[in-house]
Amino acid sequence: MITVDTASIEQTAARAALAVPGVQELQPSLRHSLADAATYIRRTFGSRTPFPEAGIHARHTSETDAWHLEVRCAVNDHRRALDTARDVRESVQTAVSSQLKARGGPASVTIVTVTRITGDRAPLHLCADL
């Protein structure tokens with residue numbers, strides 16, 4: 001078995017996901033958000049963009065020698081979110097599987113996408129006048 005580090009898999013997945021049309025950004029998971037908040041306290045005020053890999057969580061299961069990736073992305077509303085999510089899953093699947101095969105690793109990769117839609121949508125107003 002060839003060892004492939006999790007950070008490398010997450011970087012490959014992040015590049016593949018961000019290359020998909022309609023993906024605006026990757027959303028950090030809670031663990032990354034908490035780490036960023038702690039870092040923010042130590043830094044001066046200013047804008048800081050999170051690393052793209054913060055929106056990816058990769059986990060390797062040694063028993064089955066398989067990878068499970070969660071991709072959290074914010075998609076714009078110019079394209080159907082379902083189509084974008086499918087394209088993200090396919091793009092990440094292809095990129096990560098290629099990386100693993102090139103290094104002699106397992107070809108078993110499961111991708112889960114979690115999406116949030118962003119964009120210029122009109123706010124929902126409930127009308128009390130009936």
**Report entry** Shortest non-hydrogen contact from His57 toward Glu10
**Finding:** CA-OE2, 3.7 Å
Query raised in the report: Can you tell if the side chain of Arg103 reaches within under 4.5 Å of the side chain of Ser8, non-hydrogen atoms only?
Result: yes
**Report entry** Test item: Glu25 side-chain N/O and Cys73 main-chain N/O as donor-acceptor pair under 3.5 Å
**Finding:** no
Query raised in the report: Residues in side chain to side chain contact (heavy atoms under 4.5 Å, CB included) with Ala81, at least two apart?
Result: Val75, Ile117
Report task. Kindly write out the residues that satisfy side-chain hydrogen bond (donor to acceptor under 3.5 Å, both in side chains) with Thr6, not counting sequence neighbours, or none if the list is empty. Result -> none
Report summary line: Result for side-chain contact (heavy atoms from CB on, under 4.5 Å) between Leu69 and one of Thr12, Thr110, Ile56, Val112 points to Ile56
**Report entry** Those residues that, when tested against Val114, pass side chain to side chain contact (heavy atoms under 4.5 Å, CB included) (two or more places apart)
**Finding:** Glu70, Arg72
Query raised in the report: With sequence neighbours excluded, what pairs up with Gln11 under the side-chain hydrogen bond (donor to acceptor under 3.5 Å, both in side chains) test?
Result: none
Query - Distance in Å, Gln99 CD paired with Trp67 CH2, rounded so as to fall on 0.5 Å steps - result: 8.5 Å
Query - side-chain hydrogen bond (donor to acceptor under 3.5 Å, both in side chains) partners of Arg86, counting only residues at least two apart - result: none
Query raised in the report: Which atoms form the tightest heavy-atom contact between Ala58 and Ile9, and what is the distance?
Result: CB-CG2, 4.1 Å
Query raised in the report: Residues in side chain to side chain contact (heavy atoms under 4.5 Å, CB included) with Thr113, at least two apart?
Result: Val71, Ala85, Val88, Arg89, Ile111
Report summary line: Looking only at heavy atoms, the pair that brings Ala16 and Ser91 closest together is O-OG, 3.0 Å
Requested in this report: State, to 0.1 Å, how close Val109 and Ser97 come at their nearest heavy-atom pair, and which atoms those are.
Outcome: CG2-OG, 3.8 Å
Report task. Could you pull out all residues at least two apart from Ser98 that satisfy side chain to side chain contact (heavy atoms under 4.5 Å, CB included)? Result -> Thr94
Report summary line: With sequence neighbours left out, the residues meeting salt bridge (charged side-chain N to carboxylate O under 4.0 Å, His left out) with Arg79 are Asp87
